[in-house]
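The structure appears below as structure tokens.
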Amino acid sequence: MTAASLARRAASGGAGSPPGSGRFGLMLLVLISTYLLSAFSLSKVAETAQVVLFVVVLLLALRTSRLSRRRTMVLAAVAVIGTAAAGAAAAVGTDTGTGLAQLWQALVLLVAAVFIVRRVLARPTVTIQSIYGALSAYLIIGLMFAAVYAAMSHLSTAPFFVDGEQANTQTFQYFSFTTLTTLGYGDFTAAGSGGRAIAVMEAVAGQVFLATLVARLVAAFRAPAEAQRRDGAEAQRRDGKVPSGGTARRRLAKRRAAVLTPGAPGRSGRRPGADGRSLPRYR
């Protein structure tokens with residue numbers, strides 16, 4: 001493998017990365033589009049488009065994973081079939097059907113987040129794609145908890161928010177992200193103990209995620225050029241083209257010892273002096 005090919009692979013996602021490992025930037029754009037679509041529209045078309053985009057996110061997460069092709073195809077088929085069934089349940093118009101559809105969305109997003117985090121942590125070098133992957137997982141967590149809140153609201157007869165605040169996709173996502181980031185504006189508050197417990201879990205998950213994974217990635221981030229040089233040098237050492245640091249130091253020490261040793265092997269230990277007498281030969 002040449003240094004140029006290693007450089008290209010490092011720039012796209014790191015040496016040793018499987019095909020598709022550099023699609024976290026696209027995933028982040030899809031997630032931002034999904035949130036903005038639901039934030040500015042409550043139509044059925046927007047809700048359907050959001051569900052489709054969630055499946056696209058899962059498919060991108062599966063593509064970046066290291067699963068075999070067969071397992072990836074099976075999971076993708078299950079995701080598509082399950083989403084179609086969830087859409088059919090939501091189309092019935094009952095609270096139970098809508099709640100089950102929301103639970104399915106939460107499950108899809110959870111699986112996507114797990115695959116993304118695993119892939120980001122498995123990357124040998126922290127690149128810009130790793131940062132995109134961590135941000136994508138963070139947004140997915142917020143959307144996942146929003147789906148959980150929506151499911152709880154539809155599957156329960158009691159109102160989810162206090163003071164009869166309106167409960168829809170926009171307010172659930174707004175409440176989820178203000179909880180995830182621990183902003184806590186207080187304009188929306190869960191009324192039941194179940195909703196409050198889930199909100200506490202989301203706040204803790206958001207803080208742990210930012211304080212551990214994102215902070216670690218940012219601290220270990222390497223610019224693409226530096227990652228290319230490091231990966232290329234390591235590959236050449238493995239191929240035996242460039243000696244390692246320890247080997248180079250040992251060779252240099254041997255050369256210095258040979259210079260200071262009189263009578264090097266294979267040569268005469270004497271040399272003629274200015275007056276014709278033999279003097280010790282040094283190398």
Side-chain angles (χ1 to χ4, degrees), residues 8-14 17-41 46-67 72 75-76 79-80 83 105-148 169-170 172-183 202 205-224 227:
R8 288 193 296 268
R9 295 183 67 180
S12 63
S17 299
S21 61
R23 289 178 171 80
F24 288 128
L26 175 61
M27 184 184 300
L28 183 60
L29 290 177
V30 172
L31 288 168
I32 294 175
S33 302
T34 302
Y35 176 73
L36 294 177
L37 179 65
S38 62
F40 289 99
S41 177
E47 292 182 1
T48 304
Q50 187 181 38
V51 174
V52 173
L53 290 175
F54 286 161
V55 177
V56 171
V57 168
L58 177 59
L59 295 179
L60 288 174
L62 289 174
R63 188 172 178 82
T64 60
S65 66
R66 293 189 173 184
L67 294 178
T72 301
L75 289 176
V80 173
T83 301
Q105 291 184 27
L107 179 61
V108 168
L109 293 173
L110 175 61
V111 173
V114 170
F115 279 119
I116 293 171
V117 172
R118 286 185 59 188
R119 186 65 193 97
V120 168
L121 292 177
R123 295 172 72 89
T125 305
V126 178
T127 63
I128 190 64
Q129 291 296 329
S130 303
I131 305 298
Y132 289 157
L135 293 176
S136 298
Y138 191 70
L139 291 178
I140 288 175
I141 291 173
L143 294 171
M144 179 192 71
F145 276 100
V148 173
T169 302
Q170 292 176 334
F172 284 131
Q173 292 184 358
Y174 171 78
F175 174 71
S176 176
F177 280 104
T178 55
T179 303
L180 182 68
T181 56
T182 64
L183 292 176
E202 181 179 13
Q207 289 302 298
V208 171
F209 191 91
L210 288 178
T212 55
L213 179 62
V214 176
R216 172 180 175 272
L217 292 177
V218 172
F221 173 73
R222 293 176 179 269

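All values below were derived from every heavy atom in this structure, side-chain atoms included, with hydrogens, water molecules and symmetry-related copies excluded.
- Side-chain contact, Thr64 with Arg119: no donor N or O sits under 3.5 Å from an acceptor N or O.
- Annotation: the span from Ser33 atom OG to Leu28 atom CG amounts to 9.0 Å, rounded to 0.5 Å.
- We find the CG-CZ distance between Leu58 and Arg63 to be 13.5 Å, quoted to the nearest 0.5 Å.
- Smallest separation of non-hydrogen atoms from Ala112 and Ile140: CB-CD1, 4.2 Å.
- Shortest non-hydrogen contact noted between Arg66 and Ala122 is NH2-O, 4.1 Å.
- Residues Glu47 and Val51 form no side-chain contact, since every pair of their non-hydrogen atoms from C-beta on lies 4.5 Å or further apart.
- Across all non-hydrogen atoms, the minimal contact from Ala106 to Met144 is O-CG, 3.4 Å.
- No more than 12 heavy atoms of other residues, nucleotides or ligands lie within 6.0 Å of OH in Tyr132, so this atom counts as exposed by the packing criterion.
- A heavy-atom distance below 4.5 Å is found between the side chains of Val117 and Phe209.
- For the atom pair Leu110 CG and Leu143 CG, the distance stands at 13.0 Å (nearest 0.5 Å).
- You'll find the side chain of Leu121 reaches within 4.5 Å of the side chain of Leu213, heavy atoms only.
- Rounding to the nearest 0.5 angstrom, the gap separating the CE atom in Met27 from the CG atom in Leu53 is 12.5 Å.
- With hydrogens and angles disregarded, no donor-acceptor distance shorter than 3.5 Å links the side chain of Ser176 to the backbone of Phe172.
- Taking CD from Gln173 and OG1 from Thr34, the interatomic distance works out to 9.0 Å, rounded to the nearest 0.5 Å.
- Across all their heavy atoms, Tyr138 and Gly206 have their closest contact at CE1-O, 4.0 Å.
- Scanning all heavy atoms of the two residues, the minimum distance from Glu202 to Ile141 falls at OE2-O, 4.5 Å.
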task = Could you walk me through whether Phe177 and Leu183 pass the side chain to side chain contact (heavy atoms under 4.5 Å, CB included) test, one step at a time?
result = CA-CA 8 Å; Phe177 280 104; Leu183 292 176; over 6 Å; no
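- Using a 4.5 Å heavy-atom threshold, the side chains of Tyr35 and Ile32 count as separate.
- Shown here for Leu31 and Ser136, the closest heavy-atom pair between the two residues is CD1-O, 3.3 Å.
- Note that the CD atom of Gln50 and the CZ atom of Phe54 stand 4.0 Å from one another [nearest 0.5 Å].
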